Amino acid sequence: MKAKATLKQIAKELNVSVSTVSKALNDSPEISEQTKVKIKEYAKLKNYKPNVIGLNLKNRKTKTIGVIIPNILNSFFAKVFSGIEKVADKKGYNVITCISNESLEKEIHTLEMLSNGTIDGFILSVSEEAQKLQDYSHFSAIINDGTPIVMFDRIADEVECDKVVVDDFDSALNSTQHLIDLGCKNIALISSVDNLSVGKLRADGYLKALKDNSIPVNDNIIIRTDSEEDMKSKIDAIFDHKIDGIFALEENDSVAALRMSLKKGFKVPEDISIIGFADGILASRRLSPSLTTVSQHGIEIGEVAAKKLIERLEESEDETSNYETIVIKTKLKERESTRKK
């Protein structure tokens, strides 16, 4: 592979100044067309590639967005990233993606590394450890240094920034109500995300639906854990009690609920109706029966978050707008795991 030439090398070879080379490559009217053509052809011959960061030092813009997601295996985050990339590409922005792996330390390190002139702003979902420890000072520090952040899905209310969320409480309330309307009276709750903001909101929505319908809370059929492993170790016990519906708060919870129901000999949806927060291929195509799910509109969340960040990056100092929390409405996708009304 040919080594890339630098502006300084091109200038020396053509016996002109570095400034002349830079202006010619950027089509400056100060440089004659003949000189522009000569310099551009030579730069191409020598495999010159412009340094995007260098070219934008004057206005401190790199046209690059940093995206930090907590978990690469979650199909929801993959969909969000797809939406971000679609908008960024259309607007002429590059995207650098990093994974926190639910670690506060890695989240802090990534923010510090990328905010040092590499990117213009961040789109991120807060790590599990940061939410567990309620430690969000690293986000505020980055924002105070002038780098904007847009949070999505898992957010920190304490941090003043733009946010894009789904209506977790309302969608859980409506999903539980849907099970009640189908005739379910003993609805189990399964959660492996109780340490996350979204998990708490969804559980609250479930409890509100029970209260609204004067259904007593049965702790024996409620599993609220912080991990998939813990959830799987406890899920067997709920089937020792009479249940006719299950509301699962995350994709792995939904799959575990369906598989355990079938393993225990229940017919789905005749004996047990199941609704879960999951809308990947696994839920809709690879399970039998297919799962009725709360669609989180991951692609739309990514698109809205990217548009919001770019809007924030491109606004002038005298037109700075107030921070905004944008709520994306979810939709219940009825499939084979729930009875028909």
Side-chain angles (χ1 to χ4, degrees), residues 64-91 93-103 106-107 110-111 114 119 121-131 149-155 162-168 171 191-193 195-199 201-202 227-229 231 248-259 275-287 290-310 326-333 335:
T64 302
I65 293 170
V67 178
I68 306 176
I69 58 176
N71 184 346
I72 197 172
L73 299 177
N74 190 309
S75 61
F76 167 70
F77 291 125
K79 287 186 175 183
V80 173
F81 176 70
S82 175
I84 293 170
E85 195 169 51
K86 179 182 175 183
V87 170
D89 186 59
K90 186 176 179 181
K91 296 282 189 178
Y93 283 75
N94 300 306
V95 179
I96 294 177
T97 310
C98 297
I99 303 152
S100 68
N101 280 330
E102 307 291 8
S103 162
K106 189 165 186 183
E107 190 172 68
T110 302
L111 280 167
L114 293 181
I119 57 94
F122 289 100
I123 299 172
L124 58 88
S125 190
V126 181
S127 69
E128 177 183 329
E129 191 176 12
Q131 289 206 320
I149 288 176
V150 175
M151 292 182 174
F152 71 89
D153 189 50
R154 304 184 200 167
I155 63 171
D162 296 305
K163 294 157 186 151
V164 183
V165 296
V166 297
D167 54 339
D168 286 291
S171 55
S191 172
S192 63
V193 289
N195 52 329
L196 303 179
S197 56
V198 292
L201 285 168
R202 294 168 191 174
S227 70
E228 184 182 348
E229 292 73 24
M231 176 271 295
L249 304 193
E250 201 269 338
E251 184 159 36
N252 290 324
D253 304 343
S254 308
V255 174
L258 177 58
R259 288 178 171 164
I275 295 177
F277 262 85
D279 203 31
I281 293 175
L282 185 62
S284 60
R285 299 182 199 170
R286 295 182 182 169
L287 293 177
S290 57
L291 269 169
T292 292
T293 59
V294 178
S295 174
Q296 295 168 267
H297 301 299
I299 293 176
E300 183 182 352
I301 289 172
E303 290 176 350
V304 171
K307 286 175 184 174
K308 190 66 204 176
L309 179 61
I310 292 170
I326 303 167
V327 180
I328 306 296
K329 292 291 182 183
T330 57
K331 181 180 180 182
L332 188 66
K333 289 192 175 181
R335 299 191 181 95

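Nothing here was measured: the structure is a model prediction, and the numbers come from that model.
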Within the 4.5 Å heavy-atom criterion, are [X] and [Y] side-chain neighbours or not?
X    : Y    : result
S171 : V166 : no
F152 : V304 : no
D162 : L309 : no

Item to check | Sequence neighbours excluded - side chain to side chain donor-acceptor pair (under 3.5 Å) pairs with any residue from residues 80-90 | outcome: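 Residue pairs with at least one partner in residues 80-90: K86-E303.
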Counterpart residues, salt bridge (charged side-chain N to carboxylate O under 4.0 Å, His left out), relative to [X] (two or more places apart):
X    : result
D153 : none
E102 : R154
D253 : none

Could you tell me whether a side-chain N or O of [X] sits under 3.5 Å from a main-chain N or O of [Y], the two making a donor and an acceptor?
X    : Y    : answer
S125 : I69  : no
E128 : N195 : no
T330 : S295 : no
S191 : V193 : yes

Next on the checklist: Please enumerate all residues that pass side chain to side chain contact (heavy atoms under 4.5 Å, CB included) together with K329, with sequence neighbours excluded.
Outcome noted: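 Scan of K329 (side chain to side chain contact (heavy atoms under 4.5 Å, CB included), adjacent residues dropped) gives D167, D170.
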Next on the checklist: So, using side chain to side chain contact (heavy atoms under 4.5 Å, CB included) as the criterion, who are the partners of I68 when residues are at least two apart?
Outcome noted: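 With sequence neighbours excluded, I68 shows a side chain to side chain contact (heavy atoms under 4.5 Å, CB included) to S100, T110, L111, F122, L124, given in chain and number order.
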Closest non-hydrogen atom pair, [X] against [Y]:
X    : Y    : result
S254 : F277 : OG-N, 3.6 Å
G199 : L249 : O-CD1, 3.8 Å
A130 : E107 : CB-OE1, 3.4 Å
D168 : R202 : OD1-NE, 2.7 Å
T64  : Y93  : N-CD2, 4.0 Å
I155 : M151 : CG2-CB, 3.8 Å

Atom pair [atom1] ([X]) and [atom2] ([Y]), whose distance is rounded to the nearest 0.5 Å:
X    : Y    : atom1 : atom2 : result
K333 : I275 : NZ    : CD1   : 14.5 Å
I84  : K307 : CD1   : NZ    : 12.5 Å
E250 : M231 : CD    : CE    : 7.5 Å
F77  : T97  : CZ    : OG1   : 13.0 Å
L114 : I65  : CG    : CD1   : 12.5 Å
L287 : R259 : CG    : CZ    : 5.5 Å

Checklist entry - Any luck finding a side-chain donor-acceptor pair between N74 and E251 under 3.5 Å? => result no
Checklist entry - Is atom NZ of K91 surrounded by more than 12 heavy atoms (other residues, nucleotides or ligands) closer than 6.0 Å? => result no
